[in-house]
Number of protein chains: 2
Amino acid sequence: MLKRKSIPHITINRLSIYYRCLEKIVEAENKKDYYIISSSKIAEMTGINSAQIRKDLAYFGQFGKRGTGYYIKNLHIELRKILGLDKRWSVIIAGAGNLGQALVNYKGFKKRGFIIKGIFDNNPLSIGKKLDHVYIYDIEEMEKFIRKKNIMIGVLTVSANSAQEVANKMVKSGIRAILNFAPTHLILPPEIKLHNVDLSIEFESLTYYLSL
Amino acid sequence: MLKRKSIPHITINRLSIYYRCLEKIVEAENKKDYYIISSSKIAEMTGINSAQIRKDLAYFGQFGKRGTGYYIKNLHIELRKILGLDKRWSVIIAGAGNLGQALVNYKGFKKRGFIIKGIFDNNPLSIGKKLDHVYIYDIEEMEKFIRKKNIMIGVLTVSANSAQEVANKMVKSGIRAILNFAPTHLILPPEIKLHNVDLSIEFESLTYYLSL
DNA sequence: CACTGTGAACCCGTTCACAGCA
DNA sequence: TGCTGTGAACGGGTTCACAGTG
């Protein structure tokens with residue numbers, strides 16, 4: 001795919017929202033008369049400003065027809081390509097705790113091309129068991145596994161204490177992206193894509209606003 | 001607490017990061033010679049620009065000493081107050097799926113004052129059971145429960161389809177904040193604090209960058 | 001006429017740079 | 001001197017407004 005200049009990260013996040021919005025329509029669609037959508041209709045469904053939507057889409061091409069709108073199926077397919085969801089992505093999860101389990105069981109992933117190849121933990125009681133048809137392996141075998149299976153994405157659901165160490169192993173074995181759920185600041189080489197999800201922040205900012 | 005004008009939401013999120021950073025030091029602290037911290041030290045630990053940190057803190061007061069830095073314990077306590085973490089918050093979770101379970105089991109919540117009072121689900125197989133000492137109730141009883149126990153925060157880990165409906169019930173019963181994990185755009189009265197956490201977005205933006 | 005695509009204006013968070021102070 | 005607090009400059013994402021077009 002082409003390298004385009006300075007597309008805001010938040011635009012990419014919104015593409016994912018548009019994608020799901022269209023997906024919902026495509027899956028519900030029976031009537032043929034509902035195959036076009038306008039930016040203001042998407043705006044209404046997502047709560048995002050319609051000019052914002054048009055600008056976001058315009059980063060990637062001219063998908064719409066002036067005076068008409070966007071062809072739902074076409075835009076859906078384009079977004080899937082842009083987001084890389086037309087490919088398969090091999091994923092491993094480090095940490096077989098509750099969050100790790102929740103992610104393994106999430107049905108939406110397979111549909112979007114994310115294949116969870118293995119879960120890794122250091123707890124002897126977990127190792128060897130299965131979660132939703134995925135084996136839990138000893139974390140000692142993670143590096144070999146990543147290399148052998150050419151894993152692209154590693155998900156960290158381990159404790160904050162061990163997150164950096166486990167991340168280092170992932171990087172050493174050639175992983176290309178890490179989704180970090182541990183509430184800690186990871187330091188990684190710049191070529192590794194790193195996204196952080198911090199659930200505590202969401203709770204703690206809620207209570208700030210409740211305290212006002 | 002005083003109402004202050006236009007503090008960016010993202011500043012609140014960062015306060016939560018500073019808070020955890022200080023917490024880590026306070027808990028590890030044995031040596032008395034390590035009781036002051038500079039904004040550049042926090043910057044190093046969190047990856048956030050030091051001017052940003054000083055500006056964020058300055059929204060709420062002058063906590064530092066010029067030429068010296070910030071007293072760790074003092075700043076820790078101030079942040080706790082600002083974030084409302086010195087109070088207890090009654091929480092319920094709607095949806096006893098894997099994510100709901102993961103949240104119930106997360107140890108960090110109790111420490112920060114979040115008390116999970118109940119879990120609600122519509123699955124007869126789950127109702128009546130316990131998750132980590134918290135009962136799972138029939139979702140039909142949720143509204144009564146919220147009113148009776150004066151619940152402040154509702155967490156939505158139900159499906160996207162039912163999220164709006166369950167949220168409406170929460171609002172009707174007097175809940176004041178909702179943390180929504182369902183990948184859908186909720187429409188709520190403006191006085192309800194709403195935060196969304198969308199895990200799919202994080203995965204899908206990763207694959208965008210991997211596809212470049 | 002309706003709706004997209006987009007330059008320009010706007011707004012606001014970030015970073016700089018330095019005055020203020022221990 | 002060292003580090004905070006902060007006005008000012010900067011940068012970039014958002015919104016406006018309208019030209020372009022089916």
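Throughout, protein chains are lettered first and strands after them, A, B, ... in sequence-line order, and every chain is numbered starting at 1.
Taking a 4.0 Å limit (strictly below) on heavy-atom distances, residues 12-19 of chain A reaches DNA chain D at Arg14(A).
Side chains of Asn105(B) and Gln101(B): a donor-acceptor N/O pair is absent below 3.5 angstrom, by distance only. If you check the side chains of Tyr106(B) and Asn98(A), you find no donor sitting under 3.5 Å from an acceptor.
Using bins of under 30°, 30° to 60° and over 60° for the plane-to-plane angle, the ring pair Phe109(B)/Phe114(B) lands in the perpendicular bin. A perpendicular orientation is assigned to the rings of Tyr209(B) and His195(A), their planes being inclined by more than 60° (bins at 30° and 60°).
For Phe63(B) and dT4(D), the CZ to P distance is 14 Å, given to the nearest whole Å. Atom CZ in Phe60(A) sits about 15 Å away from atom C1' in dG5(C), given to the nearest Å. Taking atom CD1 of Ile53(B) as the reference point, atom P of dC3(D) lies 14 Å away to the nearest angstrom. One can place OH of Tyr59(A) at 18 Å from P of dT4(C), the figure rounded to the nearest angstrom. In this entry the distance linking CD1 of Ile42(A) with C1' of dT4(C) reads 12 Å, nearest Å. With rounding to whole Å, Glu78(B) atom CD is found 12 Å from dG5(D) atom P. Atom CG of Leu57(A) is separated from atom P of dT4(C) by 9 Å (rounded to the nearest Å). Put simply, NZ on Lys41(B) is 18 Å from P on dG2(D), counting in whole angstrom units.
The base of dG5(D) is not paired with the side chain of Arg66(B) by any donor and acceptor separated by under 3.5 Å.
Under 4.0 Å is where a charged nitrogen must lie from a carboxylate oxygen, and between Glu23(A) and Arg112(A) at least one such pair does. With salt bridges taken as basic N to acidic carboxylate O contacts below 4.0 Å, one links Asp56(A) and Arg14(A). Using a cutoff of 4.0 Å between basic side-chain nitrogens and carboxylate oxygens, Asp132(B) and Lys107(B) are scored as salt-bridged.
Taking side-chain N and O atoms only, Ser39(B) has a distance below 4.0 Å to OP1 or OP2 of dT4(D). Considering only side-chain N and O atoms, Tyr70(A) lies under 4.0 angstrom from the phosphate OP1 or OP2 of dG5(C). For dT6(D), the OP1/OP2 oxygens have a side-chain nitrogen or oxygen of Gln62(B) closer than 4.0 Å.
Nearest-nucleotide positions on DNA chain C place Lys65(A) closer to the 5' end than the other of Lys55(A) and Lys65(A). Along DNA chain D, the nucleotide nearest Gln52(A) and the nucleotide nearest Ser38(B) are compared for position; the residue whose nucleotide lies closer to the 5' end is Ser38(B).
Of the candidates dT14(D), dG5(D), dT6(C), dG5(D) carries the atom nearest the Arg54(B) side chain, counting heavy atoms from C-beta on.
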